[in-house]
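Right, one structure below, let's go through it.
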Amino acid sequence: VQLQASGGGLVQAGGSLRLSCAASGRAFGSYSMGWFRQGPGKEREFVAAISWTGAVTKFADSVKGRFAISRDDAKNTVYLQMNSLKPEDSAVYYCAGRLGLAPGGYLSSPAEYDYWGQGTLVTVSS
């Protein structure tokens, strides 16, 4: 599967953005998906994940209550809705996919994902 992330941009603190990750290839509905981010000079960190069933989601503590993850398998797309954005949310955001997990499975380690999108830049101004 190939992944294409989009939707990044410049937003003021307190604003919202919705990132999209479009997948090409077959069997997208069988992929567990995740979002990660990487700020300048920082390691890639987990943001959110969703199981392939869509029934289970997981968030980093830093974004819990502000971000939401969802998927539309008919459109081969996973979304990251980001609300109440803070300057510390500024980073390049990446989507990732992994096949073969249990129905409620999700992953929070970047090393466990097999497929990655190219990243989309989010900048939150104060």
Side-chain angles (χ1 to χ4, degrees):
V1 67
Q2 291 184 321
L3 304 175
Q4 178 81 26
S6 62
L10 175 63
V11 63
Q12 289 187 333
S16 298
L17 281 175
R18 187 177 79 158
L19 306 184
S20 299
C21 176
S24 61
R26 298 182 298 176
F28 172 76
S30 298
Y31 282 80
S32 300
M33 300 296 296
W35 285 97
F36 292 79
R37 66 188 182 188
Q38 189 166 15
K42 297 182 179 180
E43 293 186 353
R44 193 167 297 191
E45 65 174 357
F46 171 73
V47 176
I50 187 167
S51 65
W52 62 264
T53 63
V56 178
T57 58
K58 177 73 173 178
F59 298 92
D61 289 343
S62 58
V63 307
K64 202 170 293 183
R66 300 187 296 123
F67 289 14
I69 187 171
S70 61
R71 63 189 300 152
D72 185 341
D73 291 345
K75 296 182 178 180
N76 279 11
T77 301
V78 63
Y79 303 98
L80 184 69
Q81 178 67 43
M82 306 186 295
N83 300 323
S84 302
L85 283 161
K86 305 175 181 179
E88 51 264 43
D89 293 319
S90 297
V92 177
Y93 282 72
Y94 299 88
C95 59
R98 167 73 184 269
L99 190 64
L101 297 185
Y106 60 87
L107 300 169
S108 57
S109 170
E112 295 177 294
Y113 283 87
D114 297 322
Y115 302 95
W116 290 87
Q118 85 292 357
T120 185
L121 177 63
V122 172
T123 304
V124 184
S125 63
S126 57

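- Taken from OG in Ser6 to CD in Gln118, the straight-line distance is 8.0 Å, to the nearest 0.5 Å.
- Counting heavy atoms from C-beta outward, Trp35 and Val78 have side chains that approach closer than 4.5 Å.
- For the atom pair CE of Met33 and OG1 of Thr77, the computed distance is 9.0 Å after rounding to the nearest 0.5 Å.
- Inter-residue side-chain proximity for Val1 and Leu99 is flagged as unmet; no heavy-atom pair is nearer than 4.5 Å.
- Minimum heavy-atom separation, Phe46 to Leu107: CE1-O, 3.7 Å.
- For the atom pair CZ (Arg66) and CG (Leu85), the distance works out to 6.5 Å, reported to the nearest 0.5 Å.
- Stacking of Arg44 on the aromatic ring of Phe36 is not recorded, the 6.0 Å distance cut-off and the 45° axial limit not both being met.
- A cation-pi arrangement is present between Arg71 and Phe28 under the rule of less than 6.0 angstrom and at most 45 degrees off the ring axis.
- Expressed to the nearest 0.5 Å, how far CZ of Phe67 lies from OG of Ser62 amounts to 7.5 Å.
- Expressed to the nearest 0.5 Å, how far CZ of Arg18 lies from CE of Met82 amounts to 11.5 Å.
- Side-chain polar atoms of Tyr93 and Arg37 form a donor-acceptor pair below 3.5 angstrom.
- Here the straight-line distance linking atom CZ of Phe59 with atom CD1 of Ile50 works out to 8.0 Å at 0.5 Å rounding.
- The residues Asp89 and Lys86 are annotated as not salt-bridged, no charged nitrogen and carboxylate oxygen being separated by less than 4.0 angstrom.
- Not one N or O on the side chain of Thr123 forms a donor-acceptor pair closer than 3.5 Å with the backbone of Ser90.
- Atom OH of Tyr106 is surrounded by 12 or fewer heavy atoms from other residues, nucleotides or ligands within 6.0 Å.
- Not one N or O on the side chain of Ser126 forms a donor-acceptor pair closer than 3.5 Å with the backbone of Pro87.
- The local environment of NZ in Lys64 is crowded, with over 12 non-hydrogen atoms from other residues, nucleotides or ligands closer than 6.0 Å.
- Under a 3.5 Å cut-off, the side chain of Trp52 and the backbone N or O of Leu101 do form a donor-acceptor pair.
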